[in-house]
Amino acid sequence: MAENYKDTLKLPQTAFPMRANLGKREPARADHWENISLYEKIQEKNSDGPPFVLHDGPPFTNGDLHLGHALNKTLKEIVLSYKAAKGYRTPYVPGWDCHGLPIEHKVSKELQEAGKSLTTAELREKCDAFSEHWIDVQKRQFKRLGVLGDWDREYKTKNPAYEAEILRTLASFVDEDLVYRSKKPVYWSIPCETALAEAEIEYKDHSSPSIWVAFDIPDTKRFTTNKPVSIVIWTTTPWTIPANLAVAVHPRLEYALVDAGERVFIVAKELVETFVSDCGLENGVVVETVIGESLEKVESRHPFIDRASPIVLADYVTTESGTGCVHTAPGHGLDDYLTGLKYGLDIYCPVNDKGVYDDDGQIPEFLIGESVLESDRWVPANGKVLKALSESGALLKKQKITHSYPHCWRSKTPVVFRAVDQWFVALDKNGKRNKALEAIESVNWIPDWGKNRIRGAVEARPDWCISRQRSWGVPIPAFYDDEGRGHLDTNVIRGIADKIERGGTNIWFTNECESLLEGIELPDAWSGKTLTPGTDTLDVWIDSGSSHFAVLKEKDDLTWPCDLYLEGSDQHRGWFQSSLWTAVIRSGSAPYKNILTHGFIVNQDGTKLSKSEGAMTLEHYMDKFGADIVRLWIASTDFRNDVPMGDEILKTIGDAYRLIRNTYRFQISNLFDFDFEKNGMPVQELHALDRWALDKTATLASACDLAYERYEFHRVYQLCNQFCSVTLSALYHDILKDRLYTLAENHPLRRSSQTAIYHIFRTLVRVLAPVLPFTSDEAWSYFISNEDFIDEPLALQEWPSDTTMWSDETLSQEFTELLAFRDLVNEKLEGLRKEGAIGRSLDAFIELTGSDDDPTFQLLSKYHDFLEELFIVSQVALTSGSGEIAIQVTQAEGGRCPRCWRWFPDLQNGVENEQLCPRCAEAIL
RNA sequence: GGUCCCAUAGCUCAGCUGGUUAGAGCAUCGUGUUGAUAACGCGAGGGUCGUUGGUUCAAGUCCAACUGGGACCA
């Protein structure tokens, strides 16, 4: 019976499951790797290899990982895994970015909702715990993703030793005399007496006065009119008028002089009509127009303070509302501030922490002590300013306006914008900016446009504001005297850094001044002063920007500069830049040799990920699809551009994954009775088909090698995908089935093919391991011992090196031709199949007629004995003739061998009287 | 609004320094097989290379503008 013959076949056997069940099974493998200290073993294996140091950009520790994290970390992992396979020593110290507003904000909010109010030190404890919690979570999720690293030596920006290094970076800035104190406007909550960050602002509707104010221009001779001329501004914050230092116009806008009878007003030409009607100047007539540019530096006078208010140019001026002439108070607006810097204006802010006007010698007496806190009712400051404007004849019109206005998230009151003293780093001093630009040149930027991007960022960056009025960060060890002047000293910073290294930054918030400074030599200039420690913290970009000092220079096995930073392209302005500045200032050169950037995850249609999709955690994807699927998806895209994600893409990746998995499985299962030591054959002795397959494998390995080298992982994906589906599944494996299943166990052809499969598997699994570590390692375990886990995981295997010996150019060309001919045969077979004459190709007989002079026919003749296998048919006859090669396909005649299913002319075909073909008869002896 | 980046079949990618009818895999459709079987084979259809101009004997490939998308900044 036929079934009995099936039992005599060498059918594939393996315990390697067809169904991956990755979501469930991967965690065990990740655990296994950890249990056997795989990372350490890899390091040990390559301990004498050349170093390749990738410095990890630390993720922020405030939530579950999402796909963006996976993208970044997987790319790093692929690089390192490949480099390790190539014999490089690849120490990898993962890091965590712990300080910062989002955490402080979240924690504060929770405390507020619980009705608790804590001291700064207590708040910081909570932030620390919050951050620590997410470090644990994220670490677990990264390990689940298959990220191998030195997790025991991870770095945290909140570690005391790290914090000390941050302060030493600051000290190096002070050494170079780059740090200075100046004002800059920030959002300010008056009831809370604190600065607010963008994230702490809530926008709500608010009713404000809306006023038109005329600033007289004394020099009327420059205009054709001889009436008094005023330039008109429009504002909704009357209380900032006392701080007005300029009026901004757009350089390329046209401005009109509107004659309203007794006076002439300047407003943007486009807005004349609305201005005239808003201010009820019915008789207004345009008598002259000038271009904005020509008004630059023309002097106007402050309406009630004896002070010039020059006209300045600014690109941000629009004609969407107002008059096209913008009231400019550098101490009360960011645009105004930048314009102020540009024109060398004072960053003037007469409003103190409590939101009232200080007596600074300029503020009119009637305003001193008045609060500028906005409310929907009477605001004393606004009222008195309006009164003064009105009395001086500058107030053309006032009305109420309701608009969206920033409010404090905590006190729910309107916030003000006010300049407060900040610490800055002068970036142009001592040629630092040029140094930074030079350092950029020494770095290899991938893709190359990255250089332009960071160059633009470095060139355009204003002086670095490094102070924040926050709690969850590294304190700036500045001391303030009785007059409020801030003092920073390099010795003191270093002394404090040493203390913080031992006791953590909390000492700054808990210890008394004396104990902080105890044992530290103070500069002479500080003597005799009563000092108070400041409460500002450092910009967190100094935190992460100091990582190369705190990590690369602190650990002996790492290098400074390192070989590679690999982050999203947004870091050109962020971490790449902050790291560059700290390195250039403190060490004179860039901390990295190569910068590789990736794009961002977008929807399949190319649009930004919506909130709900973006909020989907990495764990969700790993549980549902598997880490290897996530990783394969990442490898499948050209990550230098946007990385699309969607259901269709996930499905495609799933299909590609199954193709690879089944390829592994087919190979493993057909080696069940193969022992390379005993049954392996020398490559030269292998059958041509097998040598061809090895040639293809060699090509694949070298192409993938190059692709990895160039960080073009999508090429690895494409190459392997095509290799599995075309070279193997459709050709090599399909042809091999007959040999492997039906020939006698030790038949040379069978062993030849098994030898090739053995080599191919070892190569393929190694090539794909950086992308698919779980599945590749799983397959490797089954390949080695037919068990799920082994002690020598795949990651300890070297990159395949014997592949170059498999190349065979002549054979490759011959096969290219044979395979092209095979396509023609297949077309014919399909025709016969459509007619219903045959089912499987094995049912066919092929007669080829061609000229003996025809090179293709000669080639076919050379491989005559192999053609049946190549075409997977029962018989192939070659007949000499003339002209083009004719392909005659007919149904095979005679009988079908019940064991191998091939047809033989002299075989009886009948269930009753079964008869085997000679080959099979021999095989089952 | 500014700077930078991207744009080739339904999807993911090739297409080098411009040169014959633009390629691959997957997906789709049809079909065979049931000895890789929640697997595998065979065949077929599918793109005016985002749009519009320009340079050139010749452009997916160079230039410009525009459109759409993304990153950063404002």
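Residue numbers start from 1 in every chain, and the chains themselves are labelled A, B, ... in the order their sequence lines are given, proteins ahead of strands.
A donor atom on one side chain and an acceptor atom on the other are not found under 3.5 Å apart for Asn670(A) and Gln754(A). Judged purely by distance below 3.5 Å, without hydrogens or angles, the side chains of Asp690(A) and Ser753(A) pair a donor atom with an acceptor atom. Asp628(A) and Thr775(A) share a donor-acceptor pair across their side chains, judged by distance under 3.5 Å alone.
The residue Asp605(A) sits apart from the nucleic acid: no heavy atom pair falls under 4.0 Å. At the heavy-atom level, Ile649(A) lies under 4.0 Å from the strands shown only through sugar-phosphate atoms. Residue Ala656(A) is classed as having no contact, given no heavy-atom separation below 4.0 Å to the nucleic acid. Contact annotation for Ser729(A): base contact, defined as any heavy-atom pair under 4.0 Å involving a base atom. Using a 4.0 Å heavy-atom distance criterion, His733(A) is classed as a base contact. Within the 4.0 angstrom heavy-atom criterion, base atoms lie near Phe666(A). Within 4.0 Å (heavy atoms only), Arg453(A) reaches at least one base atom of the nucleic acid. Residue Pro644(A) is in sugar-phosphate contact alone, with no base atom involved, counting any heavy-atom pair closer than 4.0 Å across all strands shown. Using a 4.0 Å heavy-atom criterion, one finds that Asp734(A) contacts the sugar-phosphate atoms exclusively. Residue contacts for Gly456(A): at a heavy-atom cut-off of 4.0 Å it reaches no nucleic acid atom on any strand shown. Using a 4.0 Å heavy-atom distance criterion, Arg455(A) is classed as making no nucleic acid contact. Within the nucleic acid shown, Arg19(A) comes within 4.0 Å of at least one base atom, counting heavy atoms only. Arg833(A) comes within 4.0 angstrom of a nucleotide base, judged by non-hydrogen atoms across all strands.
For the pair Leu671(A) CG and rA36(B) C1', the interatomic distance rounds to 13 Å; values are reported in whole Å. Following rounding to the nearest Å, Asn641(A) (CG) and rG50(B) (P) show an atom-to-atom distance of 14 Å. Per the geometry, CD belonging to Gln604(A) stands 9 Å off C1' belonging to rG10(B), to the nearest Å. In this entry the distance linking CG of Leu719(A) with P of rA24(B) reads 15 Å, nearest Å. The interatomic distance linking Lys451(A) (NZ) with rU3(B) (P) rounds to 21 Å, in whole Å. Across the protein-nucleic acid pair, Phe639(A) atom CZ and rG70(B) atom P stand 21 Å apart, rounded to whole Å. Distance Ile634(A) CD1 to rC11(B) P: 21 Å, rounded to the nearest Å. The distance between atom CZ of Arg640(A) and atom P of rG69(B), rounded to the nearest whole Å, is 24 Å.
Nucleotide rG18(B) forms no Watson-Crick or G-U wobble pair with any nucleotide shown, as no partner meets the under 3.5 Å limit on both distances. Nucleotide rC62(B) forms a pair with rG54(B), judged by Watson-Crick or G-U wobble geometry with both contacts under 3.5 Å. Remark: rU67(B) base-pairs with rA7(B). Criterion, Watson-Crick or G-U wobble with two distances under 3.5 Å. Searching all strands for a Watson-Crick or G-U wobble partner of rG46(B) with both distances below 3.5 Å returns nothing.
Note on Lys6(A): a side-chain N or O is less than 4.0 Å away from OP1 or OP2 of rG35(B). Proximity of Arg665(A) to the phosphate of rU37(B): a side-chain N or O atom is located under 4.0 Å from OP1 or OP2.
Picking from rA27(B), rG35(B), rG70(B) the nucleotide with the shortest atom distance to the side chain of Val602(A) gives rG70(B). Of the candidates rG35(B), rC26(B), rU37(B), the closest approach to any side-chain atom of Leu9(A) belongs to rG35(B). Of the candidate nucleotides rG41(B), rC5(B), rG15(B), rG15(B) has the atom nearest to the side chain of Arg715(A). Looking at the side chain of Thr637(A), the nearest of the listed nucleotides rU12(B), rG25(B), rA14(B) is rU12(B). When distances run from any side-chain atom of Gln722(A) to the nucleotides rG25(B), rG43(B), rG35(B), the shortest one goes to rG25(B). Looking at the side chain of Tyr717(A), the nearest of the listed nucleotides rU12(B), rG35(B), rA71(B) is rU12(B). For Thr652(A), whose side chain is taken as the heavy atoms from C-beta onward, the closest listed nucleotide among rG35(B), rG15(B), rC26(B) is rC26(B). Distance from the side chain of Asn721(A) is smallest to rC26(B) among rU12(B), rG70(B), rC26(B). Across rC40(B), rA39(B), rG35(B), the shortest atom-to-atom separation from the side chain of Met18(A) is found for rA39(B). Closest to the Asp655(A) side chain, of the nucleotides rC4(B), rA44(B), rC26(B), is rC26(B).
The base of rA36(B) sits within donor-acceptor range of the side chain of Lys737(A), with an N or O pair under 3.5 Å. A donor and an acceptor atom sit less than 3.5 Å apart, one in the side chain of Glu830(A) and one in the base of rG30(B).
Annotation for Leu719(A) and Ala703(A): closest pair CD1-CB, 3.6 Å, computed over non-hydrogen atoms.
Ring-plane geometry between Phe815(A) and Trp692(A) is classed as parallel, the angle between the planes falling under 30 degrees on a 0 to 90 degree scale with a further cut at 60.
In this structure, Tyr5(A) does not count as stacked on the base of rG35(B) under the 5.5 Å centre distance and 30° plane angle limits.
rA74(B) and rG15(B) have their C1' atoms separated by 39 Å, given to the nearest Å.
Annotation: the span from His714(A) atom NE2 to Ile634(A) atom CD1 amounts to 15.0 Å, rounded to 0.5 Å.
The closest side-chain heavy-atom distance from Thr816(A) to Phe821(A) is not below 4.5 Å.
If you find the closest nucleotide of RNA chain B to Asp335(A) and to Leu824(A), the one lying nearer the 5' end belongs to Leu824(A). Positionally, the nearest nucleotide of RNA chain B for Ile838(A) lies more toward the 5' end than for the other of Pro12(A) and Ile838(A).
Around atom CG of Asp647(A), no more than 12 heavy atoms belonging to other residues, nucleotides or ligands sit under 6.0 Å away.
When the options Trp780(A), Tyr782(A), Phe761(A), Tyr657(A) are evaluated for a ring pair (Phe, Tyr, Trp, His ring centres under 6.0 Å) with Tyr664(A), the one that passes is Phe761(A).
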